[in-house]
Every structure is written in structure tokens, then in C-alpha cells.
Visitor: 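Next up is a structure, given as C-alpha cells.
Given the structure is predicted, the values throughout are model-derived calculations rather than measurements. Side chains are part of it too, since the values below use all heavy atoms of this structure and drop only hydrogens, waters and symmetry mates. Letters A, B, ... mirror the listed sequences (proteins, then strands); counts begin at 1.
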Amino acid sequence: MNNCRGDWCCILLAMKMMVKNLVIVESPAKAKTIEKFLGKDFVVKSSFGHVRDLSKKGLGVEVEKGFLPQYEISPDKEKVIQELKKLAKEAELVWLASDEDREGEAISWHLAETLKLEPARIRRIVFHEITRPAIEKAVQNPREIDMNLVSAQQARRVLDRLVGFELSPLLWKKVKPALSAGRVQSVAVRLIVEREEEINNFVTQSQFRVTGQFLQSGAGNTLPLKAEYQQRFNREDEAASFLGHCAGASFRVSSVEKKPARRSPAPPFTTSTLQQEAARKLGFSVAKTMLVAQQLYESGKITYMRTDSVNLSDLALGQAKELITASFGERYLHLRKYKTKSKGAQEAHEAIRPTYLSNDSVGGDASQKKLYELIWKRTVASQMSDAEIERTAINIDVSGTDQKFVAKGEVITFDGFLKVYMESSDDEPEDRDDQKLPAVKKGEPLHYSSILAEQRYTQHQPRYSEASLVKKMEELGIGRPSTYAPTISTIQKREYVVKADKDGQTRQVIELTLYAGHIARMVKKEKSFAEKSKLFPTDLGILVNQFLEQYFMDIVDYRFTADVEEAFDEIASGKSHWNKMIASFYKKFHQKIEETSDNTQRFSGEKLLGTDPVSGKKVFAKIGRYGPMVQIGETDDEGPVKFAGLLKGQSIATITLEEALKLFSFPREIGDFEGKPMAVAIGRFGPYVRHNNKFYSLTSKDDPLRVEADRAIEIILAKRAKELSNIIKKFDEKPGLTILNGRFGPYISFGKENFKIPKGQDPSALSLADCEKIMAAAADSGKTKSGNTRSGTKKK
DNA sequence: CAGTGAGCGAGCTTCCGCTTGACTT
């Protein structure tokens, strides 16, 4: 509550309180909770994560001095450090309570260094759950900072910096400026590129699947029995001849098999599984899930949302026991301790769970409610009994063949955890075996009502969604709960990957139906499954991946992270020195960087498309400084080389000579409007219409090659109307000054400058004098602001 | 915001992990 607004206030506060014990944790929400447990001799503050990092200038590592890291206080942490320094000075003991993992240990060490704490005043404590007994136990068992673990973190940090800051500039030089590469992101891109290659190389095959509807021969009022023949046919004539055989065959139940089965609940949520389920069940992007989870965490509704642990505290288990017994009864209770399966897991926190399981819903917006409910259900279900199922298989003999029809059914005899929650699957739900089966006896004759032979196509692997990519990365041990979402946004921001939909392709499906002794043939149209919000590699992503695979296979190898993690573990256990580990890696890596830098050409992915019929020059497609483009002619040719950028949706891999040549038709004159010519052209920010020296962007639905005058006029008029509707007020006395409605609310536009209108002022009621006052005030504060703000603030 | 792509050369871009606000033309 005591928000310090100025230095004097902090000093007064510190003098008044004379803090005996200062506890520092990573997260402010955690600090608030813990303070309640510890009593008034303890002040709990947060470091907001790491407080120092390698210098942003240059490598930030002095290679010659045994890879000595050059640490700097992160610009956005100066203020926190100031405050912590003051409190630490007063305190008798400083309790460093960052997480118990590699990064957490390093945070404690950086704090000790930055706050210049004498070792005697430091108490390092750890806890895995935010409960009173856990915190009290932690305070009773302080230890020292584990320098081996800190070394392992420095190795991790330095390795990532060396890889990222040596590879990226090489890409600027060889491929395109402002690109990036790194241990995590480059592998993520590679996964997507390789999946796309698999899909391109996939050859669809089809088979005929035969299913029959059978009836019992006695009273014709029983349930139909849907059964699948256990053999599939490759060719239509084979399927047809089998149906012909069935027309005259007899059918008999050869056996009925019943088997009990169980289904167990999924473990409580980790970051990765929460992202996957929220995507499947709620349609959330990975970023949205994290945003909403953060809101729930900050309002105290759920435990920490960046975790790789499936563990629940005893407190939570107790709540689950109480709730399940009271709501569903003893029989539904089955408390379990789950163990993580992912290899790199560091388990510094609990699984993601509701703070109070007795709240089965919370307030907040719709997204918060839905996500909370999902977490609640998953947590409760994880402590409930297995579902019990009876699986039945009815085998049906066909006279004259040795294969059988099999009807499968499933009956839930005890629902157990299914009463609350069922995990979804990424796979297409292929016919579920949940039909109700009639009671039949062994040896009983059956007859068919219809038998269908249906052409089925094999399907390529699905492309990755954000969430399924996270799942794969977790399996490979690449990235951490705190970086999954940012990594996915980075590879999209670099334009290595785009999120897009793909319509299914229509194809023909042959259906043969045996009904009342006759076979009917039908050809139906079917769409192969469409993909929504999937990750597709771009030309740039494919090219950069090709570059890295060609020259730096070691880095993009799927085992690279796993291998270096092993080396970090050696350091953490004191068996090896971090500088030596880094040195042995760097020698070979840096040599390869130099070699590639000196001895290779620009890497443009150039592809010859054919010859330009007009000039007779060669036409190429490649990646240029500004992205994918086509060019006519080479530098050695006579006359100038011509260039044109690719349109959205076009790719180097698929563009034809004809399509390439059309790109040189810009700017396209498309007639006059209000006495001035209009032209469609392609600019840095996409296709646009130019008219009377003004620019009007085309929408993504417009094809710049096809837009004609009527559509162009529509676009021009639409933009004019929109601009008009944004005008709140104009002043005849001062024509250059307008009050406008913008993305961030109302503002004053004057010449080329813009001024924000302070909150609480009605923009339509402002007089010219009011406007001038706002402008003068802004100019004033602008001056003082630029006087004392730090340079190098973060940009978007 | 707006038609770049040669070549010159200035100055810029970039990594992964830990954490939240600040504040936008």
C-alpha cells in the first residue's frame, strides 16, 4: 500500500520503520501474500525478476578475460534497486527468497552484489509453495547462496548471448538486416519449416473402408449394430467385389468380448498444458492465456502461472479432499501426487491451481471466468477417481472370408473424474467407439441393412498451432514457461512464421453402398480438413533456416539444448567450471562464424524462374534487403536491373514466371476520378491507390493486380468518410488546428505535431484558448522530460 | 508512412529468462 512517490518519502518511511528483516522475492503479488504470514518484524519487497543483465552494448562478455560478464543494472530496475538499497541498509538481516532454480539463485546473487550485502547479513531461503507452513519452515532453514548454481546460470546466460549476438549480425550481413537467431527461436522456426516440408512431400493415398449396419434376425426392433470390416481395400474394384460377396453371404456373431478399462485424469496445469487446453477448449492464443492468467494471479485467484511443476501443496490437497467428498462423495476421491515428465523441469513453484478451491467461479470479465473455471475443473478432476469403463467388441463372421466385422462399444460404468473434466485432444476425433450396443449372443445370426465402402484419404500431419508448438518445445526441453509466449511472438515479428488459415481442398470420394442386394455407386465431394490459426513458414523463415542448417547445424540441432543443459548440470553440481565449458564451445563456434562471414556469398535463396520475353533477360526470385522480390536481368547485363516486391500470399517457392512478370506492371493507371488520375502501386507498407498526391491503402482482400476504378473510388471515399468522422472540432480562426479522435483517444493536431488531451476534459467543449493552453503545457513538460529521462527506453 | 533492391558508409538491428506497469500520435 505504501507507494513511494518521492525519495524524501522513502527516507522518512525507512527511518520510522527501522526494518529488522528485509525479505526479497521475485514477484510483488507474492510479496503481499508472504508479508501477511511473517508478521511485523519483516518487510517483504519484490525485485521484479532479474535486476542485472549483460551490457547491451557489444557482446557484453569479455572473451579475452575468460568470458568475464559485463553486468549492468537493467534500466527499468534502477528505481527498485534504489529502494531496496535503502531498506537493506537499515535491515539487520536480508532474506533472499527468490525461486529455487538456476535463475532464482542468480537473482539472489545479483541482489547481494548490487546491494553490496555483507555475507553475514544474508539469509538465502527457498519455498516451493506460498503457504504459511512452507514459509515458516523456509525461514527456519536458511542457507548460503549456491555459487555452483549461480555459475551454471552465468554459463546459460553467456552461451545464449554469444550464440545470439554472433549469429544475428552474420544474418544481417548475409541475408537481411535486423534478423535474429538464437538457441531457442531458431529451433522453433526449424520445427515449423520441417513440418511444412513434410507436408509438401506428403503423398496422399486412399483406401476403401467398409462399415456395415447389422440387425438381429429375430424381432426387427433392436438397435442397429455398426461394425467395421477389419480389412481395407486399396482399389475400388476390390471393394466392389467384396460388397458383391456380402450380398449373398451370411453373417454370424462369432464372439462377444467384454473388457473393463480405466481412464485416469490429467495432472494439474503447468504453463504449457494450460496454454494447450485454453487453445483447444477456449480458442485462446498463447499470449491471451498468459495475459488472463496474470490477471487472475494478481487478483489472488490462482497460484503462479509460469511453472513447469505438476505438484500441488498439501494445503491444496486438503482443500480438494474436502470439496470432492462434500460435493461428490467419498467414492469420487482419489488424491494423487503427480510427477513431472518433462526433462528440463526445475519445479520452483506449484502447479497452476485456484488459491481457494472452494470458489468454483470468480468475478471478472468473461475470459477470466472461463479460464478460472478451466483451472478449477482440471485441479479438482486431478484428485478424483479413475473413470471405469466397460469396452465391448462384437466380432461378426462373414461366410466365405476369413476377416471379420467388428463392432466396438464403450459404456462408462463409473464416471469418476469425468463428472468434472475431460482433457481435449489435438487429433481429429475419428469415429469414437461410444455407440450403445444391443445385447447379442455368440453364434447368433445377423443380417445387414446396409454396407458401405467409402474411400478414405490418408492425411498429412497437422501444422503446428501456437500451443502445439509450445508442447513440442517443452518435449525437447527448449525454452521455459516464462519464454514460450514471447518466443512465439518473436518468430512472428521477425516474419519467419505467420499465423494463417488454410481451407481444405475439395476432393472426390467414391462411395459404394450395398442395400437390398444392390450396389449403388456415388461420387461425393468432400473437403480435406481445414486448418485454422496455424503456423506457416515464410520465404524468409525457410531461407534463414536453410542458412543455419547449412553452416550451424550444431546450434539448430534438436539435441543442442539438451546437451548444454547436461553441461550446466555438471557446473551446478561443482564437477566442472563454467568458463571452461564456454571456452570449449566458443572456440569451434566462433571459428565457424568467422569462416562463414569471410568465405561465403550473400545468401539470397535466388531461384531462376525463366526468361523475360520482352528483354530476353533472366528472371529471378530471391530475398532482398526488403524481403522477397523478383528481378529482371543481372548486374552484368546491359541496361538497368529491374526489381519488384512479391505480393502478400506469393512465395518464392511457388511463384511462376508469368506471375513474376505481372509484378512489373505497377504503377497501374486505372482511370481518372475528379479529374485526376488514379494509380495502383506497391509500397513499403503494402499496396495502395494514389490519387491527387494522397495514398489510400488497399485492404488485404483486394488483389492489386485486379483493382479497377470503381473499387478504387470506393476506397477513396471510405477513407475520406472515416477521416471526417474522426474530426471532433475545427476552428475557423486557426485552420491548421483540429481536434481529432485517434487510436489512443482524442488529441489536438496542429501542423505536423500532435498533443494528447488530458483525461477528464471534454474534447468537443474545448475552446481555441484551451487548446493553446494544452499545447503550451505539453511543450513545457516535453522540455523538462527530455531533460531528465534516461535514454534507451524500451520501444515497442 | 508510400515506388527501396548497385555501391558507398554512417548508425542501427540481435540473444534467453526473470518480473510488471507505463503510456503511446
Side-chain angles (χ1 to χ4, degrees), chain A residues 25-30 46-54 56 58-61 74 76-77 79-80 98-99 101-104 106-107 110 153 156-172 176-186 294 297-298 304 306 346 348 478-484 486-487 490 494 561 604 622-631 634-636 640-645 666-667 679-690 693-697 740-749 752-756 793-796:
Chain A
V25 296
E26 293 182 35
S27 145
K30 211 190 233 183
S46 148
S47 75
F48 295 83
H50 273 296
V51 292
R52 286 203 310 188
D53 192 16
L54 297 177
K56 282 244 182 321
L59 259 191
V61 175
S74 310
D76 53 335
K77 300 295 164 53
K79 235 175 123 182
V80 188
S98 48
D99 298 343
D101 57 17
R102 205 162 59 201
E103 298 298 325
I107 289 175
H110 280 301
Q153 192 274 346
R156 198 282 302 157
R157 182 67 193 91
V158 167
L159 179 99
D160 282 338
R161 172 54 72 87
L162 292 172
V163 170
F165 275 37
E166 294 212 352
L167 269 185
S168 300
L170 189 60
L171 289 178
W172 306 341
K176 186 175 175 299
L179 295 180
S180 66
R183 175 176 59 80
V184 172
Q185 60 169 284
S186 295
Q294 177 90 29
Y297 169 65
E298 282 173 14
Y304 197 57
R306 288 184 278 265
Q346 312 213 358
I478 295 165
R480 302 279 311 135
S482 66
T483 60
Y484 294 139
T487 301
T490 299
R494 300 270 176 278
T561 289
S604 68
K622 66 181 193 185
I623 299 258
R625 265 176 65 79
Y626 305 103
M629 62 173 206
V630 284
Q631 73 178 61
E634 293 165 280
T635 33
D636 298 342
V641 183
K642 289 203 284 184
F643 304 95
F666 296 107
V680 176
I682 312 291
R684 176 141 153 52
F685 305 98
Y688 63 92
V689 178
R690 183 173 193 154
N693 281 328
K694 280 195 174 143
F695 300 91
Y696 304 88
S697 293
L740 293 167
N741 218 341
R743 256 197 312 157
F744 308 112
Y747 66 101
I748 300 166
S749 161
K752 291 215 159 167
E753 281 186 297
N754 296 312
F755 306 88
K756 201 175 165 59
T793 42
K794 249 195 196 161
K795 63 190 170 324
K796 297 268 144 143

Visitor: With respect to the side chain of A/S27, which nucleotide from B/dC15, B/dT19, B/dC18 is positioned closest?
Guide: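 So the nucleotide nearest the side chain must be B/dT19.
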Visitor: How long is the straight-line distance from NE2 of A/H50 back to NZ of A/K77, given to the nearest 0.5 Å?
Guide: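 Answer for the NZ-NE2 pair, A/K77 versus A/H50, is 8.5 Å.
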Visitor: Heavy atoms only, 4.0 Å cut-off, all strands: where does A/Y304 land among base, sugar-phosphate and nothing?
Guide: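 Touches sugar-phosphate only.
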Visitor: Between A/D99 and A/P687, name the one whose nearest nucleotide on DNA chain B is closer to the 5' end.
Guide: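 Taking each residue's closest nucleotide, the earlier one in sequence belongs to A/P687.
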Visitor: What pairs with A/Y304 under ring-ring contact (aromatic ring centres under 6.0 Å, His included), at least two apart in sequence or on another chain?
Guide: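 A/Y304: ring-ring contact (aromatic ring centres under 6.0 Å, His included) contacts with A/Y297, A/H349.
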Visitor: How is A/P481 classified with respect to the nucleic acid when contacts are heavy atoms under 4.0 Å: base, sugar-phosphate, or nothing?
Guide: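 Result for A/P481 = nothing.
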Visitor: Counting heavy atoms from C-beta on, name the nucleotide in B/dT20, B/dC15, B/dG3 closest to the side chain of A/R161.
Guide: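 So the nucleotide nearest the side chain must be B/dC15.
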Visitor: Is A/L54 touching bases, backbone alone, or none of the nucleic acid, heavy atoms closer than 4.0 Å?
Guide: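 Nothing, no nucleic acid heavy atom in range.
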Visitor: According to ring-ring contact (aromatic ring centres under 6.0 Å, His included), who are the partners of A/F695, at least two apart in sequence or on a separate chain?
Guide: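 Testing A/F695 for ring-ring contact (aromatic ring centres under 6.0 Å, His included), a comparison that skips the adjacent residues, returns A/Y688.
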Visitor: Rounded to the Å, how far apart are A/D53 CG and B/dC18 C1'?
Guide: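 In whole Å, B/dC18 C1' and A/D53 CG are 10 Å from each other.
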Visitor: Is there, by distance only and without an angle test, a donor paired with an acceptor across the side chain of A/R480 and the base of B/dC18 below 3.5 Å?
Guide: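 Per atom types, no contact qualifies.
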Visitor: Kindly write out the residues that satisfy side chain to side chain donor-acceptor pair (under 3.5 Å) with A/R183, not counting sequence neighbours, or none if the list is empty.
Guide: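 Checked A/R183 against side chain to side chain donor-acceptor pair (under 3.5 Å); matches are A/D160, A/T561.
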Visitor: May I have the distance from A/K77 (atom NZ) to B/dG21 (atom C1'), rounded to whole angstrom?
Guide: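 Computing the A/K77:NZ to B/dG21:C1' distance gives 11 Å.
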Visitor: NA contact type, A/G182, heavy-atom cut-off 4.0 Å: base, sugar-phosphate, or nothing?
Guide: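 The answer is sugar-phosphate, as A/G182 gets under 4.0 Å only of primed atoms, P, OP1 or OP2.
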Visitor: What pairs with A/K642 under side-chain contact (heavy atoms from CB on, under 4.5 Å), at least two apart in sequence or on another chain?
Guide: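 Once residues adjacent in sequence are excluded, the partners of A/K642 under the side-chain contact (heavy atoms from CB on, under 4.5 Å) criterion are A/I632, A/F664.
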Visitor: I need the CG-P distance between A/D101 and B/dG17, as an integer number of Å.
Guide: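 Between P of B/dG17 and CG of A/D101: 12 Å.
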Visitor: Test of understanding: with salt bridge (Lys or Arg N to Asp or Glu O under 4.0 Å), list the residues that count as partners of A/K176, not counting sequence neighbours.
Guide: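 Checked A/K176 against salt bridge (Lys or Arg N to Asp or Glu O under 4.0 Å); zero matches.
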Visitor: Using whole Å, report how far CD of A/Q294 lies from C1' of B/dC18.
Guide: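 About 12 Å, once rounded to whole Å.
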Visitor: Rounded to whole angstroms, how far apart are CD1 on A/I748 and P on B/dT25?
Guide: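 Whole-Å distance recorded here is 15 Å.
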Visitor: With sugar-phosphate meaning primed atoms plus P, OP1 and OP2, does A/Y484 contact a base, only sugar-phosphate, or nothing at under 4.0 Å between heavy atoms?
Guide: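 No contact.
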Visitor: How would you label the contact of A/R494 with the nucleic acid (heavy atoms, under 4.0 Å): base, sugar-phosphate, or nothing?
Guide: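 The residue A/R494 makes sugar-phosphate contact but no base contact.
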Visitor: Counting only side-chain N and O atoms of A/R183, is one of them less than 4.0 Å from OP1 or OP2 of B/dG17?
Guide: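 Indeed, a polar side-chain atom of A/R183 lies that close.
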Visitor: Reading DNA chain B 5' to 3', how would its secondary structure be written in dot-bracket notation, given Watson-Crick and G-U pairs with both distances under 3.5 Å, brackets [ ] for crossing pairs and | for partners on other strands?
Guide: .........................
Visitor: Report yes if at least one side-chain N or O of A/S168 is closer than 4.0 Å to OP1 or OP2 of B/dC15; otherwise report no.
Guide: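 Looking at the OP1 and OP2 atoms of B/dC15, neither is under 4.0 Å from any side-chain N or O of A/S168.
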Visitor: It should be established whether A/R306 places a side-chain nitrogen or oxygen under 4.0 Å from OP1 or OP2 of nucleotide B/dT19.
Guide: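 Affirmative; the distance criterion is met.
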Visitor: Could you work out, with side chain to side chain donor-acceptor pair (under 3.5 Å) as the rule, every residue matching A/Q631, not counting sequence neighbours?
Guide: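 Scan of A/Q631 (side chain to side chain donor-acceptor pair (under 3.5 Å), adjacent residues dropped) gives A/K622.
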Visitor: What's A/T483 touching, base or sugar-phosphate or nothing? Going by heavy atoms closer than 4.0 Å.
Guide: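 Answer is base: heavy atoms of A/T483 come under 4.0 Å of a base.
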Visitor: Using atom CD1 of A/I107 as one end and atom C1' of B/dG17 as the other, report the distance to the nearest whole Å.
Guide: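 After rounding, the reported distance stands at 8 Å.
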Visitor: For the residue pair A/D99 and A/K30, establish whether any side-chain heavy-atom pair is separated by less than 4.5 Å.
Guide: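 Side-chain contact under 4.5 Å: yes.
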Visitor: Can you tell which of B/dC15, B/dT13, B/dT19 lies closest to the side chain of A/P177?
Guide: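 Minimum distance to the A/P177 side chain belongs to B/dT13.
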Visitor: Rounded to whole angstrom units, what separation is found between the CD atom of A/E26 and the P atom of B/dT19?
Guide: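 Nearest whole value for this atom pair: 5 Å.
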Visitor: Rounded to whole angstrom units, what separation is found between the CZ atom of A/R690 and the P atom of B/dG3?
Guide: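 Atom-to-atom, A/R690 to B/dG3, this comes out as 7 Å.
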Visitor: Nearest of B/dC15, B/dT20, B/dT13 to any side-chain atom of A/W172?
Guide: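 Comparing B/dC15, B/dT20, B/dT13 against the side chain of A/W172, the answer is B/dT13.
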Visitor: One pair to check against side chain to side chain donor-acceptor pair (under 3.5 Å): A/S482 and A/R306. What are the steps and the verdict?
Guide: CA-CA 6 Å; A/S482 66; A/R306 288 184 278 265; 5.7 Å; no
Visitor: So do the side chains of A/R480 and A/E103 get within less than 4.5 Å of each other, counting heavy atoms only?
Guide: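 In short, these two side chains do not touch, never coming nearer than 4.5 Å.
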Visitor: Within the structure shown, what part of the strands sits under 4.0 Å from A/K56 by heavy-atom distance: base, sugar-phosphate, or nothing?
Guide: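 A/K56: base contact, heavy atoms under 4.0 Å.
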Visitor: Heavy atoms only, 4.0 Å cut-off, all strands: where does A/V184 land among base, sugar-phosphate and nothing?
Guide: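 A/V184: backbone/sugar contact only, no base atoms under 4.0 Å.
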Visitor: For the base of B/dG3, is there a side-chain donor-acceptor partner from A/Y688 under 3.5 Å away?
Guide: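 In this structure, the two groups form a donor-acceptor pair.
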Visitor: With the sugar-phosphate defined as primed atoms, P, OP1 and OP2, and the base as all remaining atoms, what B/S/- string results for nucleotides 4-10 of chain B, 5' to 3', for protein heavy atoms under 4.0 Å?
Guide: BBS----
Visitor: Quick one: label A/S697 by what it contacts on the DNA or RNA (base, sugar-phosphate, nothing), any heavy atom closer than 4.0 Å.
Guide: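 Base, at least one base heavy atom under 4.0 Å.
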Visitor: Holding to side-chain contact (heavy atoms from CB on, under 4.5 Å), I want the full list of residues that pass it with A/A679, two or more places apart in sequence or in another chain.
Guide: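 In terms of side-chain contact (heavy atoms from CB on, under 4.5 Å), with neighbours along the sequence ignored, A/A679 is linked to A/P667, A/E669.
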Visitor: When we call it a touch if two heavy atoms are under 4.0 Å apart, what does A/A181 touch: a base, just sugar-phosphate, or nothing?
Guide: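 Sugar-phosphate only.
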Visitor: Students often get this wrong, so: under 4.0 angstrom with heavy atoms, is A/T490 touching a base, only sugar-phosphate, or nothing?
Guide: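 Since only primed, P, OP1 and OP2 atoms lie under 4.0 Å of A/T490, the category is sugar-phosphate.
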Visitor: Could you check which of B/dC16, B/dC18, B/dT19 has an atom nearest any side-chain atom of A/Q185?
Guide: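 Of the candidates, B/dC16 comes closest.
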Visitor: Which part of the nucleic acid, if any, lies within contact of A/Q153, taking any heavy atom under 4.0 Å across all strands shown: a base, the sugar-phosphate backbone alone, or nothing?
Guide: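 Contact class for A/Q153: none.
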